[in-house]
Amino acid sequence: MSEQLSANNPVNLRLPDGSVRTFDGPVTGTTLAADIGPGLLKAALAIHVNGEIWDLSRVISEDSNVSIITRKDEAGLDLLRHDCAHIMAEAVQELFPKTQVTIGPNIDDGFFYDFARDKPFTEDDLGAIEKRMHEIVKRDEEIIREVWTRDDAIAHFKSIGELYKAEIITDLDPDQEITIYRQGNWLDLCRGPHLPSTGKLGDAFKLMKVAGAYWRGDSNNEMLTRIYGTCWRDKKELKAYLHRLEEAAKRDHRKLGREMDLFHLQEEAQGSVFWHPKGYTMWLQLEKYIRNRLAGWGYDEIKTPQLLDSKLWEQSGHWAKFRENMFIVPDEIPSTEDDAPILSGKAKLMALKPMNCPAHIQVFKQGTKSYRDLPIRFSEFGCCHRNEPHGALHGIMRVRQMTQDDGHVFCSEDQITAETIDFCTLLSSVYRDLGFPDFKVLLATRPETRAGSDEVWDRAEGSLEDALKATGLEYGYAPGEGAFYGPKLEFHLSDALGRTWQCGTLQLDYVVPERLGATYIGEDGAKHTPVMLHRAILGTLERFLGIMIEHYAGRMPLWIAPVQAVVSPITSDTDEYAREVYDKLIAAGIRAELDIRNEKINYKVREHSHKKVPAIFVVGGREAENASVSVRRLGSKHSTVLDADEAVAALVEEGRMPDGTAEVSESNDGTAATA
RNA sequence: GCCGCUGUAGCUCAGUGGUAGAGCGCACCAUUGGUAAUGGUGAGGUCGGGAGUUCGAUUCUCCCCAGCGGCACCA
């Protein structure tokens, strides 16, 4: 069909309400918007054409289903954010002419743009850049889409010193259309689409922070300087977002850990946690809970050594594949001579265990095992050390000494599916108990650095995926993210702020049991190597407690709260009665405190509320007279007067540790139900 | 590990080329007060560590360490 013919053909555009507008020939989104009304023309940002988002200026020459996109649409917000990134890049290059642009994608709540510059940007530069951005918005520069040839584009970007852009184009799929967006005197390679002009952006944006980021995300490449920004439809949304950040900061486990006196960290033991009595109470409760649950699913708990000979790690494959994350200790008596080296450097080496699996295999190997013994399930609250990079450490979420709720299941190949189903059932029940009903599953496949042949990996990945299918859980993939000895399932839970955390894992391992010589006698009387499933539900207690603290904003469920109740007399006249109530709580097994300090009740209520104590029992003359208590629950402005014994009994009931028998909560979307 | 920022009292933070200050917390005294701060008095810091410049450094310069925000890595 020739151009001329199509130009004379009428074009029918069907709008979302079903109505059709007919034009004499090809039209642009702008024309359509104007045809519908001046209000829409003003609000229009782009247009959906048969499911694709187009610039308003692009010519539509065929009958299409269309809808105009405004800033009210989700797609409109995405456009605003991406344009905001472009406007930021324009501002940066106006202010700092020798800076090269690289990539600038949208992210949750905003965008970033990575720049190459001799001197990295600092936070002090953000004010000037932001100011210039507002000027560019005021200039209301028209944004023009142009299609260039590949060679022209490469030549152009090379000629202006934009080597990264030239590299990006060079690496693009040869069939990919090269589009350039021009605004004012500035232009950028971009797939688009974009707003019709910079003025449409508005003023609800803010540059948030600067950071270093490697070119193409590879730590072997040079480091670029990244600027993060946030962008919204209007000032009100921006303000709400900033408020949300402030609220999230209040939940920070490092802040709450200090305020609630749970733990501390100090530089002499970086990456390892000093647990205080209150924090360790939470730890012990969580440990007790998961221990109970594991025992109910056929796990036998063991305890294995911290320091193991490097020979074992060589054999297991850790020495070759994991050594840079291990703490190595020479097995030698250090010299006490003043002028002699402390260590000779000649001693044999031991290593603090970074994982428990080789030690569990040693336990398995004691005595002869029969196929009738399988599956054997060992659990251990294994304290592991990993030499994590300094920059990775973060509160108690990312530490160097960690305690896993670890376990290894030794089984035959035909037991993998049943064990996987059981594990997923247990895991979803645990997450539900702990307040995290929603989680996602990813199948992580072979990494580049790995032990074992491709044939073994084919088998392992196949078995694990088959078993995963049998659980009925929905899942995605994490290519290349498997452990060095086998593929794994990653369980990512969502917290109250919608963030996701990888906690649980199930790893299928054909490699390490064989390397370490684990065998059992099969039905056929011959030796076979068992399959090993490495699994953890919480992941590590440190991280999981950190997640729980932030998820609950410190207001822990009663069973895990370090102090469950405080008894506080109004005046010292009722100290004695307060002590009676306190004794009742203690006798009932409640973690209670008695606060008979010479302070006003207002002061005490305020202080215990800040410390997130779930229940305050206030007792005055009235309560003492009729053996009652005035109970004020955390988060409530009101108090309830109850019979003292009943109040204690109610607290005992509420504070019962969950055991997996609770009803499935409504927020569970069903993905967690596997039983 | 890489980039940037920060490091002052237990906590949150102000401040200065002439050896430091606030609020909260803590101690003591007074106050006995019904559900988110009673008042007063006092103690407490070699200003992250080391070196340099200077008559003099917490302040300026350099190096190191740690924390924070990211990147990379990861439970």
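Each chain gets a letter, A, B and so on, in the order its sequence line appears, and its residues count up from 1. The shown structure was predicted, so the numbers you read here are calculated from the model rather than taken from an experiment.
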When you get a sec, tell me which of [options] is the closest nucleotide to the side chain of [X]?
X	options	answer
A:H390	B:A75, B:A72, B:A66	B:A66
A:R254	B:C65, B:A36, B:G69	B:G69
A:K209	B:G69, B:A37, B:G1	B:G69
A:P389	B:C11, B:G69, B:G1	B:G1

*Would you please name every residue forming a salt bridge (Lys or Arg N to Asp or Glu O under 4.0 Å) with A:R400, sequence neighbours left out?*
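Salt bridge (Lys or Arg N to Asp or Glu O under 4.0 Å) check on A:R400 returns nothing, list empty.
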Could you measure between the two [atom1] atoms, the one in [N] and the one in [M], and give it in whole Å?
N	M	atom1	answer
B:G50	B:U41	C1'	41 Å
B:G17	B:C13	P	23 Å
B:G15	B:A9	C1'	15 Å
B:G10	B:G44	P	12 Å
B:U59	B:G18	C1'	11 Å
B:A37	B:C26	C1'	16 Å
B:A22	B:U16	C1'	16 Å
B:C73	B:C63	C1'	28 Å

Using a cutoff of under 3.5 Å, can you pull out all pairs of nitrogen or oxygen atoms linking the protein to nucleotides 3-9 of chain B, with atom names and distances?
| residue | atom | partner | partner atom | Å |
| --- | --- | --- | --- | --- |
| B:C3 | O2 | A:G212 | N | 3.2 |

Length of the [atom1]-[atom2] vector between [X] and [N], whole Å:
X	N	atom1	atom2	value
A:D109	B:G70	CG	C1'	16 Å
A:I107	B:C71	CD1	C1'	13 Å
A:L256	B:C11	CG	C1'	14 Å
A:H610	B:U35	NE2	C1'	14 Å

Given the structure, check if the side chain of [X] and the base of [N] hold any donor-acceptor pair shorter than 3.5 Å.
X	N	answer
A:S219	B:A72	no
A:Y214	B:G70	no
A:E388	B:A75	yes
A:R398	B:C73	yes

Could you tell me whether [X] contacts a base, only the sugar-phosphate backbone, or nothing, with contacts defined as non-hydrogen atoms closer than 4.0 Å?
X	result
A:Y228	sugar-phosphate
A:H608	nothing
A:T571	base
A:K600	base
A:M208	nothing
A:K255	nothing

*May I ask you to evaluate whether A:H394 reaches the phosphate of B:C74, defined as a side-chain N or O under 4.0 Å from OP1 or OP2?*
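The answer is no; no side-chain N or O of A:H394 sits under 4.0 Å from OP1 or OP2.
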*Establish, with yes or no, whether the OP1 or OP2 oxygen of B:A66 is under 4.0 angstrom from a side-chain nitrogen or oxygen of A:Q270.*
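Answer is yes, contact under 4.0 Å.
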*What's the shortest heavy-atom distance between A:V101 and A:Y164, and which atoms?*
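Result for this residue pair: O-CB, 3.9 Å.
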*What are the two closest non-hydrogen atoms of A:W457 and A:P487, and how far apart are they?*
CZ3-N, 3.3 Å
*Between A:W283 and A:T281, is any side-chain donor less than 3.5 angstrom from a side-chain acceptor?*
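There is no such pair (donor and acceptor under 3.5 Å, judged by atom type) between the side chains of A:W283 and A:T281.
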_Checking A:Q270 against A:E388: is there a side-chain donor and acceptor pair closer than 3.5 Å?_
no
*Atom pair OG/CD of A:S630 and A:E623 - distance to nearest 0.5 Å*: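 Going from OG on A:S630 over to CD on A:E623, the span is 5.5 Å.
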*Approximate separation, where rounding is to 0.5 Å, of A:L493 CG and A:L427 CG*: 8.5 Å
*Report the residues that fulfil side chain to side chain donor-acceptor pair (under 3.5 Å) with A:D114, sequence neighbours left out, ordered by chain and then residue number.*
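Scan of A:D114 (side chain to side chain donor-acceptor pair (under 3.5 Å), adjacent residues dropped) gives A:R226.
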Below 3.5 Å is the cut-off: list the nitrogen or oxygen pairs between protein and nucleotides 25-27 of chain B, distance only.
| residue | atom | partner | partner atom | Å |
| --- | --- | --- | --- | --- |
| B:G25 | OP1 | A:Y603 | OH | 3.0 |

*Tell me the stems RNA chain B sits in, counting at least three consecutive Watson-Crick or G-U wobble pairs, each under 3.5 Å on both distances.*
B:1-7 with B:65-71, B:10-13 with B:21-24, B:26-30 with B:38-42, B:48-52 with B:60-64
_With A:H360 via ring-ring contact (aromatic ring centres under 6.0 Å, His included) - residues at least two apart_ =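 A:H360 satisfies ring-ring contact (aromatic ring centres under 6.0 Å, His included) with A:H408 only.
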*Considering residues at least two apart in sequence or located in another chain, which fulfil the ring-ring contact (aromatic ring centres under 6.0 Å, His included) criterion with A:H318?*
A:W313, A:F484
*Quick one: does NZ or CZ of A:R117 land under 6.0 Å from the six-membered ring centre of A:F121, within 45 degrees of the ring axis?*
yes
*Tell me, do A:L533 and A:Q507 make a side-chain contact under 4.5 Å, heavy atoms counted?*
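With C-beta onward as the side chain, the pair stays apart.
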Can you list, in residue-number order, the parts of [range] that come under 4.0 Å of RNA chain B, counting heavy atoms only?
range	value
residues 492-505 of chain A	A:Q502, A:C503
residues 630-642 of chain A	A:S630, A:R632, A:S639
residues 613-626 of chain A	A:V618, A:G620, A:G621, A:R622, A:E623
residues 274-292 of chain A	none

*Does A:D252 or A:R543 map to a spot on RNA chain B nearer the 5' end, using the closest nucleotide for each?*
A:D252
*A:D575: what forms a side-chain contact (heavy atoms from CB on, under 4.5 Å) with it, not counting sequence neighbours?*
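With neighbours one apart ignored, the set is A:P569, A:S572, A:I596.
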*So among A:W501, A:F544, A:F491, A:Y431, which one has a ring pair (Phe, Tyr, Trp, His ring centres under 6.0 Å) with A:F436?*
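Of all the options given, the one that passes is A:F544.
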